[in-house]
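Below, all heavy atoms of this structure are taken into account, side chains as well, without hydrogens, waters or symmetry copies.
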Amino acid sequence: MSTENFFQRLFSAMFKGSDPEVLKKRQLKAIAKEISKGKYKFIKGSQAEVQPSFAKMLYDFYKATAPAQLIFQNTSNPAMYKQWVIEHFLTNEAKEAVERLDETYIQNKAKTESLKDVKTAVTKDFALVSTLFDINRITNIDQTYTRFQSFISFCKFDYYFTLKKFDSSIREHDFSMQPHFEPIRGEYLADDLKDFIATAFVLSTTPTDWNDIFQILKERKDVAPIPQNVWNKILARIRDLMATDVLDRMLQLITENPDYSSKVTVKSEHIAETYLDSIRNISTNTVKKLEQTQQNSKTDDLLKQIFGTTSISKLKYYTVSGGTEFEKKNLEGYTYANPLNYLKAYLLDCVKKDMRTFCDLVLVRGKWVSSQLSAAMSEAYHKLLEASDEITAFDSSIGESGEYGTKFKNYMLRVDRDSEARNIIQSILNDLNGKARNIIGVSCQQLITIGKNVKALLEDYEKQRPELIINWKELEHFADNPILEDGKNLYKQIYLFVSLMQLYMQKRQ
């Protein structure tokens with residue numbers, strides 16, 4: 001024996017144990033030996049062949065879950081499972097309340113009852129349902145639905161696709177003939193095995209955790225698609241597979257990776273609060289739609305009484321359509337476009353005509369007991385006349401050459417990429433809308449002042465001894481129409497217009 005061969009063998013013996021490939025083979029050999037001594041003979045380590053015994057276990061699962069699989073596969077609306085679970089935990093009283101919170105139910109109710117009564121009923125019913133959803137019930141609902149989803153996934157696992165690899169003659173959902181399974185190379189089964197682990201190992205293996213699931217299926221299908229005692233045996237088998245770690249061992253051999261370890265994640269489902277939010281949104285939005293419809297109806301009615309039409313256009317720039325350019329960019333548009341438009345029309349068509357005729361008669365030709373008594377009405381009237389010019393100037397400022405129009409033109413070019421430009425535009429819009437609201441608010445106050453004075457004058461006119469104007473008889477000669485008739489018409493007109501403005505101002509509060 002040469003000295004060279006001796007040292008070669010010595011170095012080989014010393015460093016053999018640190019060779020990664022040698023270590024890996026040694027580990028895989030140990031894993032194969034461990035499996036061979038276990039009760040599950042699912043794989044032969046030397047060839048990494050998956051044995052018929054594994055296919056037999058999957059076949060038993062397949063046969064047991066087939067009826068449920070068909071139910072779940074043929075369900076056109078899987079979202080109804082959420083409804084099943086939630087309603088299982090609701091009292092009969094709560095279920096009835098939920099039905100009354102349905103959009104169609106609320107709309108039909110509004111046809112026979114006042115909107116105020118409908119809103120009260122909706123609030124009461126939602127409070128009843130909301131109170132029921134305490135933390136314990138929410139937890140039970142969410143956990144039950146999470147288990148239900150894992151149950152569905154387990155039942156819908158593609159057993160047929162996997163089993164066909166062991167026996168190509170097997171037929172889907174046909175259990176009349178016993179299949180003949182053959183061993184297959186593990187590499188053909190690696191992905192199926194990973195999918196099965198991900199599906200099966202998320203199941204709770206505590207039998208009592210499934211009581212609600214089977215009760216729900218019994219309630220909805222009038223039959224348990226899997227006998228609960230059979231399901232308990234499946235859970236016991238899965239629990240044992242998890243404890244022995246045999247499936248991961250199989251994958252370690254198949255992938256030749258002794259460090260392989262499955263990562264199983266249980267996806268928690270949260271449906272209770274989402275369901276409650278959905279009911280709230282549906283009922284609230286339905287009531288809002290009804291309110292909007294009612295308001296639109298009231299608005300149209302008032303417009304027809306005041307102007308004789310609902311088609312009114314007096315502003316050029318501060319309009320609803322003019323504000324859509326900003327709304328498309330998720331900015332606030334012209335929020336008071338409609339009421340300001342109607343105010344401009346009222347100032348032109350009513351104040352400068354009917355109101356001017358009446359005010360000129362009583363303020364210019366009327367002999368007041370005291371000038372102080374007419375001061376408030378006179379001041380309010382002249383401020384209303386000024387408001388018309390103020391609105392015109394305000395509207396023009398938004399035009400392309402106006403103060404605000406020029407700024408809009410410059411900053412809108414950068415709004416999509418420049419947050420500062422966006423902030424500046426929104427600030428300008430806030431300023432404009434604030435001015436519009438102020439013009440409307442001040443004008444309404446002037447109208448109310450005039451309305452109160454008109455009412456007082458009408459009462460004074462009918463007195464035997466007037467206390468405000470002492471020459472009513474003389475004024476009758478200058479009036480084109482009976483003073484009492486014109487005054488009442490003007491008072492009604494003011495009342496209707498202020499009511500119209502209040503509809504919009506209350507909406508924006």
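For N433 and Y318, the side-chain atoms include at least one donor-acceptor pair closer than 3.5 Å. Looking only at atom types and distance, the side chain of R100 has no donor-acceptor partner in the side chain of Y105 under 3.5 Å away. Using modelled atom types and a 3.5 Å distance limit, the side chains of Q292 and N296 yield a donor-acceptor pair. Counting only N and O atoms by type, the side chains of T309 and S311 include no donor and acceptor under 3.5 Å apart. Side-chain polar atoms of Y411 and Q426 form no donor-acceptor pair below 3.5 angstrom.
Close placement of the F326 and F408 rings is indicated, their centers lying within 6.0 Å of each other. In this structure, F196 has its ring center under 6.0 Å from that of F157. Taking the six-membered ring for Trp, F89 and W84 have ring centres at least 6.0 Å apart. Residues Y317 and Y404 keep their aromatic ring centres 6.0 Å or farther apart. Y145 has its ring centre no less than 6.0 Å from the ring centre of Y81.
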Could you walk me through whether E273 and F133 pass the side chain to side chain contact (heavy atoms under 4.5 Å, CB included) check? CA-CA 8 Å; E273 291 184 341; F133 279 72; over 6 Å; no

Test side chain to side chain contact (heavy atoms under 4.5 Å, CB included) applied to V98 and D125, step by step: CA-CA 7 Å; V98 169; D125 284 332; over 6 Å; no

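In this structure, Q215 places its CD atom where more than 12 heavy-atom neighbours from other residues, nucleotides or ligands lie under 6.0 Å away. Heavy-atom neighbours of K95 NZ from other residues, nucleotides or ligands within 6.0 Å: above the threshold of 12.
For the pair N285 (side chain) and N281 (backbone), a donor-acceptor distance under 3.5 Å is present. A side-chain donor-acceptor contact under 3.5 Å links D460 to the backbone of L468.
Annotation: side chain of T146 is not in contact with side chain of K267 (no heavy-atom distance under 4.5 Å).
A cation-pi arrangement is present between R365 and F478, with the terminal nitrogen or guanidinium carbon under 6.0 Å from the aromatic centre and inside a 45° cone about the axis.
Each of D418, D416, N410 was scored for a side-chain hydrogen bond (donor to acceptor under 3.5 Å, both in side chains) with R414, with one residue passing: D418.
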